[in-house]
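Everything numeric in this text was worked out from a predicted model, so none of it was measured.
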Amino acid sequence: MAVEIYSGSTGAIYIGSTAVASIRSFSIEETQEVIDATTMSVTGVAFRSNKPTFKAVNGSAEVFWSAIEPADGAGNHDDKNITSGANAIADTQPGSTEVTVNFWPTGDDQYEIGYSFPALITSRTISSSVDGMVEASITFTGTGAITKVNGTVNDNGA
């Protein structure tokens, strides 16, 4: 039986129905907490007994900072005018507004598998160096269950 191995170069993230542009990498982490429910044993050494409790989902993305080119086409970057759109990394700021995050490890084309969950953007770091690109790191903390979603021809998980 052959197992297909995928390249990460076609992955995508959507916040709601807006694509996060210029992605370098991303990750999703699902965790399951457990509590120790071990009791004393009179028959010798007992194995620990654990019970599941809370689940959690978190994610992060590393992106190149990008801005929408102004309508005048003069190359003037005016981030204060960026309020929406696929390149509006400026919109990915921490706050109390819940968003839906859609992660597509191999792209959102027909029959691809993705993961969707409600989340809060918990941090954003912007970094720049003289010999590199301007980059941003964004982290998400889930506020509900993660679900597996299947892509369709034009699906972005929304």
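The salt bridge (Lys or Arg N to Asp or Glu O under 4.0 Å) pairs that include a residue from residues 50-65 number zero, where partners must be two or more places apart or lie in different chains. Among pairs with a residue in residues 31-54, none fulfils ring pair (Phe, Tyr, Trp, His ring centres under 6.0 Å), at least two apart in sequence or across chains. Sorted by first and then second residue, the salt bridge (Lys or Arg N to Asp or Glu O under 4.0 Å) pairs with a member in residues 35-44 read Asp36-Arg48; sequence neighbours excluded. Pairs engaging residues 19-45 under the ring pair (Phe, Tyr, Trp, His ring centres under 6.0 Å) rule: Phe26-Phe103 [sequence neighbours left out].
Residues meeting the side-chain contact (heavy atoms from CB on, under 4.5 Å) test with Ser127, sequence neighbours left out: Glu135. Not counting sequence neighbours, Thr39 has no partner by the side-chain contact (heavy atoms from CB on, under 4.5 Å) test.
Ile28 places a side-chain heavy atom less than 4.5 Å from the side chain of Ile146. Side-chain atoms of Thr100 and Ile15, non-hydrogen and from C-beta on, never get closer than 4.5 Å to each other. Put simply, the side chain of Val149 reaches to within 4.5 Å of the side chain of Trp104, judged on heavy atoms.
For the atom pair CD1 (Ile138) and CD1 (Ile126), the distance works out to 9.0 Å, reported to the nearest 0.5 Å. Atom OG1 in Thr147 sits 8.0 Å away from atom CG in Asn102 (nearest 0.5 Å). Within the model, atoms CG of Asn150 and CD of Glu112 stand 10.0 Å from one another, a figure rounded to the nearest 0.5 Å. With rounding to the nearest 0.5 Å, the separation of CZ in Phe140 from CD in Glu29 is 14.5 Å. Taking CD from Glu33 and CG from Asn50, the interatomic distance works out to 12.5 Å, rounded to the nearest 0.5 Å. The structure places CE of Met133 at 9.5 Å from OG of Ser128, a figure rounded to the nearest 0.5 Å.
A side-chain donor-acceptor contact under 3.5 Å links Thr139 to the backbone of Ser123. Remark: the backbone N or O of Gly11 is not paired with any side-chain donor or acceptor of Thr106 at under 3.5 angstrom.
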